[in-house]
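The structure appears below as structure tokens.
Order of the sequence lines sets the chain letters (A, B, ...), proteins ahead of strands, with each chain counted from 1.
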There are 2 protein chains.
Amino acid sequence: MGFEGADPGTVRPGGRTARVRSAVLRAAGDALAEHGFAHLDLADIARRAEVGKTTVYRRWGTVTSLVADLLVDMAEQSLPRTETGSLLGDLKANARLVQRTLADPRQGALFKAVVAAATCDAKTAEALHSFYDIRVKEWAPCVQQAIERGEVPDGTDAHEVIRAVSAPLYYRLLTTGDRLDEAAADQAAEAAAAAARAGAYLRGERGLA
Amino acid sequence: MGFEGADPGTVRPGGRTARVRSAVLRAAGDALAEHGFAHLDLADIARRAEVGKTTVYRRWGTVTSLVADLLVDMAEQSLPRTETGSLLGDLKANARLVQRTLADPRQGALFKAVVAAATCDAKTAEALHSFYDIRVKEWAPCVQQAIERGEVPDGTDAHEVIRAVSAPLYYRLLTTGDRLDEAAADQAAEAAAAAARAGAYLRGERGLA
DNA sequence: CCCATAACGGGACTCCAGTTTCGTTAATCG
DNA sequence: CGATTAACGAAACTGGAGTCCCGTTATGGG
């Protein structure tokens with residue numbers, strides 16, 4: 001007999017199953033970017049992916065858990081970071097990367113939709129958190145190097161500095177209609193670098209009065 | 001005869017109509033905070049507001065336009081800002097206010113839901129942008145005063161400094177599971193103040209190399 | 001290579017979000 | 001205060017999102 005509980009796709013993950021997953025995730029990304037999170041129809045995704053809608057419902061069930069899986073997939077495709085030799089240079093490179101991503105019509109809409117989905121479901125939120133955790137960890141070493149060079153005070157929270165670069169770009173994307181240009185990216189990087197040098201990101205007790 | 005096009009609630013906005021609007025908006029806020037944006041049912045909102053569901057559908061039609069109206073309502077209730085005499089003091093007061101709002105279970109969930117809704121609909125996005133525009137304008141004068149005191153270089157973009165205080169708090173709310181505590185608020189204020197002093201928010205050309 | 005069965009897919013079905021209809025209540029104007 | 005009609009609300013209706021059934025395809029182990 002055997003347990004019937006194992007979710008589909010776990011016992012025979014090869015060939016067709018993998019093909020279906022990647023086709024559906026690609027279609028889901030396209031649909032999210034086009035229609036946004038709210039007006040999303042699993043049947044439409046199935047059509048785009050050239051897959052039976054029964055399959056989509058069986059394997060993912062809801063829009064939010066499909067987005068959660070999409071985030072797992074996105075987290076796996078990590079871009080290597082560049083190294084410029086100075087904190088400001090590295091942070092600018094990071095800021096420009098984030099800016100280009102969010103300013104791109106498709107990617108920008110996709111990220112908005114993914115954030116929206118994460119606010120609606122705990123599992124999806126967790127997937128989103130891991131995604132950003134990975135990205136932050138990828139870039140944190142550049143701050144560590146700045147500490148070692150003496151550019152930034154010892155005890156600075158490297159992760160917090162990296163988040164400080166992205167934060168204003170996401171805030172702008174979500175709360176204003178303004179375009180995200182290179183100037184915005186550079187400003188974000190310079191602000192984070194200046195604050196880091198001033199000791200604003202010291203771990204534990206706040207540094208200034 | 002007369003045009004039939006005028007949306008309901010515009011010709012006789014008094015008495016019952018106003019009562020229905022405020023009851024529905026309160027119910028919508030509660031429902032958003034409880035269930036989140038995705039699992040929202042207009043019939044449920046009608047029930048909570050003790051109003052016919054036909055009325056909700058006729059006047060608002062969709063979840064997103066109901067949220068847009070809720071944002072208009074929220075924008076009208078502006079809290080007066082406090083003045084402490086120093087830039088850091090004022091920014092900390094602002095940061096603490098934002099932090100307390102987002103950390104509160106009901107308000108935090110509500111803001112997440114509202115941001116999610118704004119990513120799904122242009123009208124709702126516009127309402128959200130106005131909401132933050134008003135909030136930013138309310139606090140910008142404290143940066144202007146700092147410029148006049150010489151705490152911050154002339155030509156600094158006051159609005160950008162205020163946004164820089166909120167940005168990391170929203171970024172943390174949305175992309176991590178971490179608690180938003182006073183330390184996070186103080187850090188956001190200190191980072192923004194330090195960056196502003198260093199000239200990172202100068203309008204136009206970037207200030208540093 | 002072959003078998004057992006995991007996973008898929010078409011189509012019928014269900015159920016409820018959203019709409020329509022029409023009678024009732026009450027806001028505004030004179 | 002009384003007439004006009006904007007706005008509301010109950011109930012019946014409808015379309016499509018999500019489920020179920022069962023036959024078909026093709027994976028992975030032996």
(message) From the set C:dC8, D:dT27, D:dG9, return the single nucleotide nearest to any side-chain atom of A:R19.
(response) D:dT27

(request) Compare the minimum distances between each of C:dA7, D:dC8, D:dA6 and the side chain of A:R59, then state the nucleotide with the smallest one. (result) C:dA7

(message) Tell me which pairs pass salt bridge (Lys or Arg N to Asp or Glu O under 4.0 Å) where either residue lies in residues 63-82 of chain B, with sequence neighbours left out.
(response)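 Every salt bridge (Lys or Arg N to Asp or Glu O under 4.0 Å) pair that includes a residue of residues 63-82 of chain B, provided the two are not neighbours, is B:R21-B:D69, B:R21-B:D73, B:R81-B:E83.
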
(message) Show every salt bridge (Lys or Arg N to Asp or Glu O under 4.0 Å) that has at least one partner inside residues 51-66 of chain A, sequence neighbours left out.
(response)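 For residues 51-66 of chain A, and leaving out neighbouring residues, there are no salt bridge (Lys or Arg N to Asp or Glu O under 4.0 Å) pairs at all.
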
(request) Tell me what B:T62 touches on the nucleic acid: a base, only sugar-phosphate, or nothing, going by heavy atoms under 4.0 Å. (result) nothing

To the nearest Å, how far apart are [X] [atom1] and [N] [atom2]?
X     : N      : atom1 : atom2 : answer
B:R16 : C:dT24 : CZ    : P     : 14 Å
B:D7  : D:dC8  : CG    : C1'   : 16 Å
B:R21 : D:dC8  : CZ    : P     : 12 Å
B:R12 : D:dA6  : CZ    : P     : 6 Å

(request) Applying side-chain contact (heavy atoms from CB on, under 4.5 Å), name anything that partners A:S166, two or more places apart in sequence or on another chain. (result)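 Applying side-chain contact (heavy atoms from CB on, under 4.5 Å) to A:S166 gives A:V98, A:Y170, B:Y171.
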
(request) Could you run through nucleotides 16-21 of chain D and give me one letter per nucleotide, 5' to 3': B if any protein heavy atom sits under 4.0 Å from the base, S if only the sugar-phosphate is that close, - if neither? (result) -SBBBB

(message) Return whichever of A:T17 or B:V11 has its heavy-atom-nearest nucleotide of DNA chain C closer to the 5' end.
(response)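 Upstream on the strand: A:T17.
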
(request) Applying side chain to side chain contact (heavy atoms under 4.5 Å, CB included) between B:V63 and each of B:L40, B:I45, B:D121, report the one that passes. (result) B:L40

(request) Tell me whether the OP1 or OP2 atom of C:dG9 has a side-chain N or O from A:T55 closer than 4.0 Å. (result) yes

(request) Verify, without hydrogens or angle tests, whether B:R172 (side chain) and B:R179 (backbone) share a donor-acceptor contact under 3.5 angstrom. (result)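 Judged by distance alone, yes, a pair lies under 3.5 Å.
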
(message) Checking the side chain of B:S86 only, and the main-chain atoms of B:G89 only, is there a donor and an acceptor separated by less than 3.5 Å?
(response) yes

(request) Enumerate the residues from residues 22-38 of chain B whose closest heavy atom to DNA chain D is under 4.0 Å, giving them by residue number; use none for an empty result. (result) none

(request) Five pairs at each end of the helix from C:dC1-D:dG30 to C:dG30-D:dC1: take the axis at both ends and give me the angle between them to 10°. (result) 60°

(request) Verify side-chain contact (heavy atoms from CB on, under 4.5 Å) between B:T64 and B:F37, making sure each step is shown before the conclusion. (result) CA-CA 9 Å; B:T64 49; B:F37 168 65; 4.0 Å; yes

(request) For the residue pair A:L71 and A:V67, establish whether any side-chain heavy-atom pair is separated by less than 4.5 Å. (result)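 The answer is yes, as the side chains (C-beta and beyond) meet within the 4.5 Å cut-off.
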
(message) Before you tell me yes or no, could you show the steps for A:R100 and A:L180 under side-chain contact (heavy atoms from CB on, under 4.5 Å), namely the whole-Å CA-CA distance, both residues' side-chain angles and the distance that decides it to 0.1 Å?
(response) CA-CA 8 Å; A:R100 273 197 306 274; A:L180 269 173; over 6 Å; no

(message) Let's go through B:K92 and B:E182 carefully: what are the C-alpha distance in whole Å and the side-chain angles of both, what is the deciding distance for side-chain contact (heavy atoms from CB on, under 4.5 Å) to 0.1 Å, and is it a yes or a no?
(response) CA-CA 9 Å; B:K92 269 191 180 171; B:E182 281 99 2; over 6 Å; no

(message) Applying side-chain contact (heavy atoms from CB on, under 4.5 Å) to A:E190 and A:Q187, what does each step give before you reach the verdict?
(response) CA-CA 5 Å; A:E190 279 162 20; A:Q187 187 175 70; 5.6 Å; no

